Student: 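One structure coming up, written as structure tokens, with questions to follow.
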Protein chains: 2
Amino acid sequence: MQIYSKTCEYALRALVYLALKGKGVFIGASEISEATGIPGPYLTKIFQNLTRRGFLKSRRGVSGGVALCHQPEDVSLIQIVEAIDDLTPFDECVMGLDQCEDHNGCPLHPIWSNAKNEIFLKLKTTSLMDLTKNSKKMKYRRLRRQRLLSAFSDDA
Amino acid sequence: MQIYSKTCEYALRALVYLALKGKGVFIGASEISEATGIPGPYLTKIFQNLTRRGFLKSRRGVSGGVALCHQPEDVSLIQIVEAIDDLTPFDECVMGLDQCEDHNGCPLHPIWSNAKNEIFLKLKTTSLMDLTKNSKKMKYRRLRRQRLLSAFSDDA
DNA sequence: TTTAAATAGGATGTATATATCCTTTTTCGC
DNA sequence: GCGAAAAAGGATATATACATCCTATTTAAA
């Protein structure tokens, strides 16, 4: 039971971190990896993707990094989810029915259809800025049994 | 965006087919595979699992097959989903927050929490019998470019 | 008792998502 | 210009879900 992929969750976490810094502020991937608990090499891949898709701009070299292209309030979550995940199977019947319409769907159709619509609307109306609201002092889950590093720790 | 795994969807489709036949009626895996479009070898694995977990009884040999152990109205969907999928990450925050409670969750927490509760309740209160209601003349999605067989067709 | 049909169970193959590594290119500071 | 820092990009590794294959065992019927 999930809304979006783990990769997409990572993207959101990283973008929220950048949103807290503000549009156009360049931050290194290693800092973001440390702060958010996202595996560094994987994060750089996600950044490449987000850069190609116009969410981020990147700068190489010393004091390089990535920065938001837009104001956090101008980026909706649905834009990010659509860019990372494939939402085409979004409308497939959970029972695997070839046809499952509103008027004659499977027993799970109405409730799942409703839930999806609500979530979809929420993703459309929630911006990166909104996501930063409750995220001032976040602690993220870590992979495996790693230590829970506090953001900005320098003990790499 | 999904409720349960593809394996679980297969299990439900197969169990609905058996529910239409009634409790205790043995049906061969090949017939069920034909009728539901579930890959045969994979279906037998799912049946082994469902048998071990007490949903089905199996009979080997000529005119063998699997049969429901219980009346279709006595089996809830949540029982099946819990048996097939791992629902432990069910409560993990979609933003990856270590703590994400009702009183102080991430912005997506309320809506996702709600949706999950509704779906969970529906799965609890819907039985195999209920699932058969709209499933008399089902056509299921097929893998790859197979023919779209109508359910219960005898043109194996 | 033999044979065919069917599930059980183990092993293996494939696809995709997740994660890492290495080399190249760019950029800054000296 | 040189060296270090950092992202880009390609290749590879790992985990899991999905799917198939082969052999053994069981069963019913001829």
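These figures come from a predicted structure and were not determined experimentally. Every chain is numbered from 1, with letters handed out A, B, ... down the list of sequences.
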Student: Does A:R60 contact C:dT25 through a side-chain donor or acceptor facing the base, at a distance under 3.5 Å?
Tutor: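 Between C:dT25 and A:R60, which were checked side chain against base, a qualifying N/O pair under 3.5 Å is present.
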
Student: OP1 or OP2 of D:dA17 less than 4.0 angstrom from a side-chain nitrogen or oxygen of B:T7, does that happen here?
Tutor: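 Answer is no, no contact under 4.0 Å.
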
Student: Between B:P41 and A:V62, name the one whose nearest nucleotide on DNA chain D is closer to the 5' end.
Tutor: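 That would be A:V62.
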
Student: Look at the side-chain N and O atoms of B:S58 and state whether any lies under 4.0 Å from the OP1 or OP2 oxygen of C:dA8.
Tutor: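 Checking B:S58 against C:dA8: at least one side-chain N or O falls below 4.0 Å of OP1 or OP2.
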
Student: In whole Å, I'd like the distance from the OH atom of B:Y42 to the P atom of C:dG10.
Tutor: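 Checked: the OH to P distance equals 17 Å.
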
Student: Could you verify whether a donor N or O on one side chain and an acceptor N or O on the other, from B:Y17 and B:T132, lie under 3.5 Å apart?
Tutor: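 No.
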
Student: Quick one: do A:E31 and A:K21 make a salt bridge, cutoff under 4.0 Å?
Tutor: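 Result for this pair is yes, salt bridge flagged.
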
Student: At 4.0 Å (heavy atoms only), tell me whether B:S30 reaches a base, stays on the sugar-phosphate, or touches nothing.
Tutor: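 If one applies the 4.0 Å heavy-atom cut-off, B:S30 turns out to touch nothing in the nucleic acid.
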
Student: Side chains of A:T36 and A:Y10: any donor to acceptor distance under 3.5 Å?
Tutor: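 No donor-acceptor contact under 3.5 Å links the two side chains.
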
Student: For C:dT7, does OP1 or OP2 lie under 4.0 Å from any side-chain N or O of B:T44?
Tutor: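 No, B:T44 has no side-chain N/O under 4.0 Å of OP1/OP2 on C:dT7.
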
Student: Remember a base hit wins even if backbone is also touched, and classify A:G40 as base, sugar-phosphate or nothing at under 4.0 Å, heavy atoms.
Tutor: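 If one applies the 4.0 Å heavy-atom cut-off, A:G40 turns out to touch nothing in the nucleic acid.
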
Student: Looking only at side-chain N and O atoms, does A:Y10 come under 4.0 Å of OP1 or OP2 in C:dT18?
Tutor: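 Indeed not, no polar side-chain atom of A:Y10 lies that close.
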
Student: Salt bridge check, B:K122 against B:E118: does any charged N sit closer than 4.0 Å to a carboxylate O?
Tutor: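 No salt bridge links B:E118 with B:K122.
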
Student: Does B:G64 or A:R59 map to a spot on DNA chain C nearer the 5' end, using the closest nucleotide for each?
Tutor: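 Between the two, 5'-proximity favours B:G64.
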
